[in-house]
Number of protein chains: 2
Amino acid sequence: MLRNEQTALRDHVLNIASSLFYAHGIRAVGVDLIVAEAGVAKTSLYRHFRTKDDLVAAFLTCEDEQFWQTWQEVADRNADDAWAELNAHLEWIGSRLARPNYRGCPQINAVAEFSDPKHPARQIAATHKAEMRRRLKTIAVRLNSDRPDELAGQLALLINGAFVSAGMLAPDEAIPLLQNAARLLRAGHTS
Amino acid sequence: MLRNEQTALRDHVLNIASSLFYAHGIRAVGVDLIVAEAGVAKTSLYRHFRTKDDLVAAFLTCEDEQFWQTWQEVADRNADDAWAELNAHLEWIGSRLARPNYRGCPQINAVAEFSDPKHPARQIAATHKAEMRRRLKTIAVRLNSDRPDELAGQLALLINGAFVSAGMLAPDEAIPLLQNAARLLRAGHTS
DNA sequence: GCACCGATACAGAACTGTCTGTTTCCATCT
DNA sequence: AGATGGAAACAGACAGTTCTGTATCGGTGC
């Protein structure tokens, strides 16, 4: 019970901080704002997170896990058809760009905000992006690509490009743009 | 003469600030650091730039102009061949990712750092990205694309994706990855 | 009674932007 | 040629805020 309340408060602070970090940027959000929005004392925040950087790392780790959870659910629904799986991924990713408060990929944004390669945020982001390419490569292999690593890299560029190009695309444009591009890239990779 | 010294000092401050903004992020760099690195008085900075945001806007505008200047030089060298021009663009853009202190596209990074759509940095970045798609579309038209606007969008996704994916790519991987992708996309767009 | 929480004050640093002096230098006037 | 005035720069203190992180104290529920 105590344990539950403890983790409940920790999760509450993390959820509020995550929303603020994503909406306004990590450096733009101070701990004073976080505790005010969460309605908790600053002491409580620092009881569960040793520093702000620890809170940032927890935010990015959480986003990473949620992303792969969604990915996995879509993958499981298309376990028998790699091509259908890829298109399904492009669909839910593309649909995110049209969400009202969309503000890019948290990992990419974190890399833009923190320049030190040793910063935990950078390392979590790097792992996240490497994992994305790894998963795309397994799909490319199942698609019988001639050079699956290259196809995976190209698909990753498209996806990362979509993440940072929402402001350049019309609301309903992203999904067909991505899916058509994937179709053409795949066609060129299976001779 | 007086006029020259004024603009020389303004440019000096802007150059130092630009280097620091790009290397460490805009919010991470304070005006105290800028004036210390530039070796000028804070009063001098505020004589030429009304606020820090004005300095940030000047930074992004300058980066924008330099980017299109390089683009235009490459375009002029390939005025007779749109396909050669596109590949030349992908080459110099891809080669940037391998530069030692590469830290992404300044415009994309600025969008990650500032959440307010009305912030001058966001507007300069939005204009920059719209201009990129516009120029790519003129190339797509010259390539006889069936849907030049879509091809331009796909190429823009690839390029923006490359900007934010340098950490995911091997040093010599970006250029062939981009050029092969462009080849396949183009082939699918000219039936 | 004890562990947790909220509230609050605080320390120390960094931030943007202002203000006051002093120095330098060049153009102009005598 | 030498004096004068004005523009621009430097140096540095300063105000007011915000930032991260700590310390203290009182309340509350198990």
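Only a predicted model underlies this, so the values are computations on that prediction, with no experimental measurement involved. A, B, ... follow the sequence lines: proteins, then strands. Residue 1 opens every chain. FYI, side chains are in, hydrogens and waters are out, and symmetry mates aren't considered; it's all heavy atoms of this structure.
- Ion pairing between a basic and an acidic side chain is recognised when a charged N comes within 4.0 Å of a carboxylate O; Asp32(A) and Lys42(A) show such pairing.
- Following rounding to the nearest Å, Leu9(B) (CG) and dT24(C) (C1') show an atom-to-atom distance of 14 Å.
- Remark: Ser44(A) is in phosphate contact with dG6(C), judged by side-chain N or O atoms under 4.0 Å from OP1 or OP2.
- Nearer to the 5' terminus of DNA chain D, by closest-nucleotide assignment, is the contact made by Arg27(A) (compared with the other of Arg27(A) and Thr43(A)).
- Here the nucleotide nearest the side chain of Lys42(A), chosen from dC19(D), dT22(D), dG6(C), is dT22(D).
- For Tyr46(A), the listed nucleotide lying nearest its side chain is dT22(D); candidates were dA9(D), dG6(C), dT22(D).
- Using cut-offs of 30° and 60° for the angle between ring planes, the Trp68(A) and Trp71(A) rings count as perpendicular.
- Rounded to whole angstrom, the span from the CD1 atom of Ile34(B) across to the P atom of dA14(C) amounts to 16 Å.
- When the shell of 6.0 Å around CG of Asn15(B) is examined, it contains more than 12 heavy atoms from other residues, nucleotides or ligands.
- Ion pairing of Arg133(B) with Glu173(A) is present here, as a side-chain N (NZ or NE/NH1/NH2) and a carboxylate O approach within less than 4.0 Å.
- For the pair Ile26(A) CD1 and dC19(D) P, the interatomic distance rounds to 15 Å; values are reported in whole Å.
- If you measure from atom CZ of Arg47(B) to atom C1' of dC19(C), you get 13 Å, rounded to the nearest angstrom.
- Look at CG on Asp32(A): it is 18 Å from P on dA13(C), rounded to the nearest Å.
- dA14(C) atom C1' lies 16 Å from atom CG of Leu20(B), rounded to whole Å.
- Rounded to whole Å, atom P of dT20(D) lies 15 Å from atom CZ of Phe49(A).
- Atom pair His48(A):NE2 and dT20(D):P shows a separation of 18 Å (rounding to whole Å applied).
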